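Only one structure is covered here, and it is reproduced in the block below.
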Amino acid sequence: MSSIFLKKFQIMRGAKQIFGFTKALHYGMRRVLFARMNVGCKRYDFREIEPFWQKFWEEHGTFCVRDDNSKEKYYALDMFPYPSGSGLHIGHPEGYTASDILARHRRANGFNVLHPMGWDAFGLPAEQHAIATGIAPAINSAQNIEVFRKQIKSIGFAIDWSREINTTDPHYYKWTQWIFLQLLKHGLAYVDERPVWWCDGLKSVLANEEVISGRSERGNFPVQRRNLRQWILRITEYADKLLDGLDGIDWPDSTKRQQIAWIGKSNGANIRFKVDGHDDEIAVYTTRPDTLFGATYLAVAPEHPLLEKIVAKGFAADVSKYIEESKRKSDMERTDLAKVKTGVPTGTCVINPANGRRIEVWVADYVLFGYGSGAIMAVPAHDERDYEFAQRHGIPIIRVIDDSVGNSILPYSGEGTLINSGEFNGLFSADARTRITEMLAKKRMGEAAQNYRLRDWIFSRQRYWGEPIPIVWVSAADYGAAIANEKFHMGEFLPDVPVCYEENGVTQCALPLRSEHLPLVLPNTSNYLPSDGGESPLAHIASWVNVHINVETGEIVPSENFNGADGHWISGRRETNTMPQWAGSCWYHLRYMSPNCETQLVDPSSAEYWKSPDFYIGGAEHAVLHLLYARFWHRFLFDIGAIKTGKEPFRKLFHQGIILGEDGTKMSKSRGNVINPDEIIARYGADALRLYEMFLGPLDMMKPWNMRGIEGVFRFLKKVWSEFIDGDGNCRTFAPCPSAECQKIANETIKKVGDDIEALKFNTAISQLMICVNTMQKAGGFCKNFAESFLKILAPFAPHIAEELWSRLGNKSSIVDAGWPTYDASKVVSRSRRIAIQVNGKVRAECSMDDGNMSEDDIFKLALENANVARHIAEKAIIKKIYANGKVINFVTE
RNA sequence: GCUCGAGUGGUGAAAUUGGUAAACACGCCAGACUUAGGAUCUGGUGCCUAGCGGCUUGAGGGUUCGAGUCCCUCCCCGAGCACCA
């Protein structure tokens, strides 16, 4: 290090100390004497600028928003994060920045903007962490939230932090529990002991949706079937409403398609086949009643309840062996498409109601018990699976549909003209479906029917870290006596039909808590492991589980403290299952509107004002589950009148694309390609991070991170800085008189940036900002009028630098309240236009035409004067001349 | 297997939806300034060709005066569904 350098370095350090001192002085005296208006740094020192303005916004409540009927509202919602222990991921700010740009743009355009943030903090990882470390999930979760909040705040979003919500806060989950009780009251919640996915690795039950090809979605552990009592929500009741609601909403097509596929509505018929020699009938569901005459066997799932009863004597052994084998198979084995289709005959026949023909009943595990009636009519000629099975087992194949081109290859699963179908011969498939269904209805052997792939939602989890389900189980005898009591006080959420289950020969009935019992707070424990029976860790807490209830007063006391004995008191056990993580995220969009309302889940006047989010952004991984469940609850709340403003919660939805690592693969710790937002902010600042994430490419595309790319936007910010601030740290003075060229680029930029923001094309908006600065720089700097306008349109993208420069220009209030500049459309059009001249479709020259005053002939004449054009036309005759308005002319020769 | 979405320079990507392909940025090359800088500024940069010129949007066809954009057939990548009768 040279001595001169050393000296400078020392001086700089000294200056910094003095500055630090004066800074402290400023802070100390702010309230009394004056507020420091801006950072005032010489160079683009984002490390000073960004915290300063973040503090400014916080202290001035810049983004706190109130219901204000004098202004139009705009509600921008992010999918709230699960605050994981690894901190904010670089993907989080992508969506948040997008919604923030929209929020700030709308605000500048006079909207009253709500842009909130919160935490989806219940969930498995905190519980796993607790099992591993013994640290309570509540503590761990609070710490993670602390980190997330700090990280998100460091990016400078226009978030109203006074509305922050947390799904694990009893004030919040009080209403999650309340919604559950409403579902119960309206007959949409029930319990059932049924096979569910049990994951030994997670020690928990998983929903169908959380199991991916035989393994848990989270953790990738193997799963198996197990019978457990579960709470189940009747989402199937809403299948049609959920389907219909997709019509009017602005969502990505792929997401709508996924939901439609998930609901999986099909039209067809239920057909009953009489069992030969029995009184029983086997019902099947088919979408192709037109192929009924081609049914050559009937196949039932191994779980089918009639199987045991109808199997013929000599076949019973093979059938029960087959049933045992399929029980042992994992679902993965059973649903493996590559495997051969197995099955055994039952020796029993059924009668085809169409033609009276006897066809054999088989048991085959390619028939799923969970769909339709667990039995199918098999038409090998017109179904690939049945064809494969029939070929393998030597079952006859009868063709009943001719396709239009006379193709004879089977199986043919398309439509066509009926043959071998008696009176229905000659009909086309669609007609035949109607007619055959009518015929069956007349014979009372079937009727038209719809089916759905959607199953009811298994809503309980055998976990600690979730919302407690506010139910007490009491014996049927106590329940019956209690509701017969004239003074019965527990009826607030009582369903018309009691929810019951059998346990050790005793019927238990669900007694819902009352509103005043909510929130039912999650009790503390130190044992987070489930019981051996697969019950939740809550089952260990006897003092919490066992209660006595006074059915006349609603008073509930722990049984260990109960010493009375009069007849109004009954004993019960609290439900120990908790709700799944989806519960809290089903309605949070409503809570932000009035986060502190104690008396209702959302204050009606706030709900009336904010209605529903105008923009909702989050990952495509939630295309089905969260977005379907949230729609279900929202619809339900609408139906019971709890909310009055719209059936659909999210009218405009967008999915941001995943940001990949620099190597083009998904970021992961194991690959070592994780980018930490904190490090980016430390090195380039939050504005550069925001700008870069938006500049990377189209918002909805998957795109790789590139460390060098961020240098580019950082350079841009420095360039902007030096256009406003000279080498001494003083604000430049701007020339008042702009050239036509400057006016053009200024107006173009205002127009394009505004348009691109609304179209979510942030990458091209930023590119326009860059073009604009480059042009201004070459023209000798910003002109006076446009300098301020430029900062206003930069502000949504890079709010900190925009505030600092805005203040340095002498403005006294935040740029957030400075509005959005207007543009002069007439200035955007340039006086002379350049037109491409093509010969036979290839560009050969370019000419410029002044104004719009030239006639077509003049333009052609001008074009032909061009030497290169003339050369390419040569002696050939021009057979056609094309003039595309103001863009291109084309001479066609031959 | 089915259903979508995509494929454009060395790289991330633009392209007013049928009208001058490659804007903007990265990288690279050359230069200026610089006794220092996590610098900055200027010019160049699709490919082939010494040049004239020719060729270029995964491949091949087609429609059109004109195709990255529309149609057909493939190839490859990504996502979702996956025996749903």
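Below, chain A is the first sequence line, B the second, and so on; all start at residue 1. The basis for the numbers below is simple: all heavy atoms, side chains too, and nothing from hydrogens, waters or symmetry mates. Given the structure is predicted, the values throughout are model-derived calculations rather than measurements.
Distance check on atom P: B/rU45 versus B/rG51 gives 14 Å, rounded to whole Å. The P atoms of B/rU16 and B/rU11 are separated by 23 Å, rounded to the nearest whole Å. Rounded to a whole angstrom, the distance from the C1' atom of B/rC29 to that of B/rG66 is 37 Å. On the P atoms, B/rG37 is 28 Å away from B/rG44, given to the nearest whole Å. B/rA50 and B/rG58 have their C1' atoms separated by 33 Å, given to the nearest Å. For the C1' atoms, the distance from B/rA67 to B/rC24 is 25 Å, rounded to whole Å. Comparing B/rC55 with B/rA21, their P atoms are spaced 13 Å from each other, to the whole Å. Nucleotides B/rG80 and B/rC72, compared at atom P, are 26 Å apart to the nearest Å.
Taking atom CD of A/Glu711 as the reference point, atom P of B/rC24 lies 20 Å away to the nearest angstrom. Atom CG of A/Leu368 and atom P of B/rC81 are 16 Å apart (whole Å). Counting to the nearest Å, the P atom of B/rC83 and the CG atom of A/Asp365 are 12 Å from each other. Between A/Lys666 atom NZ and B/rG78 atom C1' there is a gap of 13 Å when expressed in whole angstrom units. The distance between atom CD of A/Glu94 and atom C1' of B/rG12, rounded to the nearest whole Å, is 13 Å. When the P atom of B/rC26 is taken as reference, atom CZ of A/Phe716 falls 12 Å away, rounded to whole Å. If you take CD1 of A/Ile710 and C1' of B/rG12, they are 14 Å apart, rounded to a whole angstrom. Rounded to whole Å, atom C1' of B/rC81 lies 15 Å from atom CG of A/Leu454.
B/rG54 has its base anti relative to the sugar, with a glycosidic angle deviating from 0 by more than 90°. Here B/rU34 is in the anti range [glycosidic angle more than 90° from 0].
You'll find that the side chain of A/Gln838 is closest to B/rU20, out of B/rA85, B/rA82, B/rU20. Among the nucleotides B/rA14, B/rG38, B/rA85, the one closest to any side-chain atom of A/Arg683 is B/rG38. Taking only side-chain atoms of A/Ser767, from C-beta outward, the nucleotide of B/rG38, B/rC24, B/rA13 with the closest atom is B/rC24. When distances run from any side-chain atom of A/Lys718 to the nucleotides B/rU20, B/rG12, B/rU40, the shortest one goes to B/rU40. Residue A/Arg257 places its side chain closer to B/rC4 than to any other of B/rC4, B/rC24, B/rG78. In this structure, of B/rU40, B/rC41, B/rC55, it is B/rC55 that holds the atom nearest to the side chain of A/Lys842. In the set B/rU20, B/rC26, B/rC24, B/rU20 carries the atom at the smallest distance from any side-chain atom of A/Ala836. Among the nucleotides B/rA85, B/rU42, B/rG12, the one closest to any side-chain atom of A/Thr286 is B/rA85. Side-chain proximity of A/Lys880 to B/rA13, B/rU20, B/rC65: nearest is B/rC65. Distance from the side chain of A/Arg708 is smallest for B/rC26 among the nucleotides B/rA85, B/rA13, B/rC26.
Both distances falling under 3.5 Å, in either a Watson-Crick or a G-U wobble arrangement, place B/rG10 opposite B/rC26. With a cut-off of 3.5 Å on both Watson-Crick or G-U wobble distances, the partner of B/rU73 is given as B/rA59. Across all strands shown, the partner of B/rG19 is B/rC65, judged by Watson-Crick or G-U wobble contacts whose two distances both fall under 3.5 Å. B/rA32 and B/rU40 make up a base pair, with Watson-Crick or G-U wobble contacts both under 3.5 Å. Both distances falling under 3.5 Å, in either a Watson-Crick or a G-U wobble arrangement, occur for no nucleotide opposite B/rC52.
Contact check, A/Gln259 against B/rG80: no side-chain N or O comes under 4.0 Å of OP1 or OP2. Applying the 4.0 Å criterion to OP1 and OP2 of B/rC81, one finds that A/Arg453 has every side-chain N and O outside that range. OP1 or OP2 of B/rA85 sits under 4.0 Å from a side-chain N or O of A/Tyr371. Contact annotation: A/Arg715 reaches the phosphate of B/rG27 (side-chain N/O to OP1 or OP2, under 4.0 Å). In this structure, A/Asn774 reaches the B/rA25 phosphate: one of its side-chain N or O atoms is under 4.0 Å from OP1 or OP2.
Comparing A/Gln768 and A/Pro698 by the nucleotide of RNA chain B that holds the closest heavy atom to each, the one mapping nearer the 5' end is A/Pro698. Both A/Gly712 and A/Asn840 sit near RNA chain B, but only A/Gly712 has its closest nucleotide nearer the 5' end.
Within 6.0 Å of CD on A/Gln450 lie more than 12 heavy atoms contributed by other residues, nucleotides or ligands.
A salt bridge is defined here as a Lys NZ or Arg NE, NH1 or NH2 lying under 4.0 Å from an Asp or Glu carboxylate O, and A/Arg671 with A/Asp663 fails to meet this definition. Salt bridge annotation for A/Asp290-A/Arg433: present, with a cationic side-chain nitrogen under 4.0 angstrom from a carboxylate oxygen. By the 4.0 Å N-to-carboxylate-O rule, A/Glu447 lies close enough to A/Arg272 to be salt-bridged with it. Look at A/Lys719 and A/Glu723 and you find no salt bridge, because none of the NZ, NE, NH1 or NH2 atoms lies under 4.0 Å from a carboxylate O.
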Taking it one step at a time, do A/Phe797 and A/Phe695 satisfy ring-ring contact (aromatic ring centres under 6.0 Å, His included)? CA-CA 10 Å; A/Phe797 301 88; A/Phe695 188 59; over 10 Å; no
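Side chain to side chain, A/Asp240 and A/Tyr452 meet the donor-acceptor criterion of an N or O pair below 3.5 Å. Between A/Tyr285 and A/Ser266, the side chains place a donor N or O and an acceptor N or O closer than 3.5 Å (distance only, hydrogens not considered).
Annotation for A/Leu794 and A/Phe716: closest pair CD1-CE2, 4.1 Å, computed over non-hydrogen atoms. Of all heavy-atom pairs spanning A/Leu699 and A/Ala98, the tightest one is CD2-CB, 3.7 Å.
Note on A/Val367: a base of the nucleic acid sits closer than 4.0 angstrom, heavy atoms only. Residue-level contact check: A/Ser266 touches the backbone only, with heavy atoms under 4.0 Å from sugar-phosphate atoms and none from bases. Counting non-hydrogen atoms under 4.0 angstrom, A/Tyr452 reaches nothing in the nucleic acid. Within the nucleic acid shown, A/Val892 comes within 4.0 Å of sugar-phosphate atoms alone, with no base atom in reach, counting heavy atoms only. Backbone-only contact: A/Leu696 has heavy atoms under 4.0 Å from sugar-phosphate atoms and none from a base.
You won't find any donor-acceptor pair under 3.5 Å spanning the side chain of A/Lys881 and the base of B/rC65, going by distance alone. A/Arg47 contributes a side-chain N or O that forms a donor-acceptor pair with the base of B/rG38 under 3.5 Å.
A 4.5 Å side-chain heavy-atom check between A/Met707 and A/Ile680 finds at least one atom pair inside the cut-off. For the pair A/Pro411 and A/Asp386, the minimum side-chain heavy-atom distance is 4.5 Å or more.
At a non-hydrogen distance threshold of 4.0 Å, A/Lys761, A/Asn763, A/Thr764 from residues 754-765 of chain A come into contact with RNA chain B.
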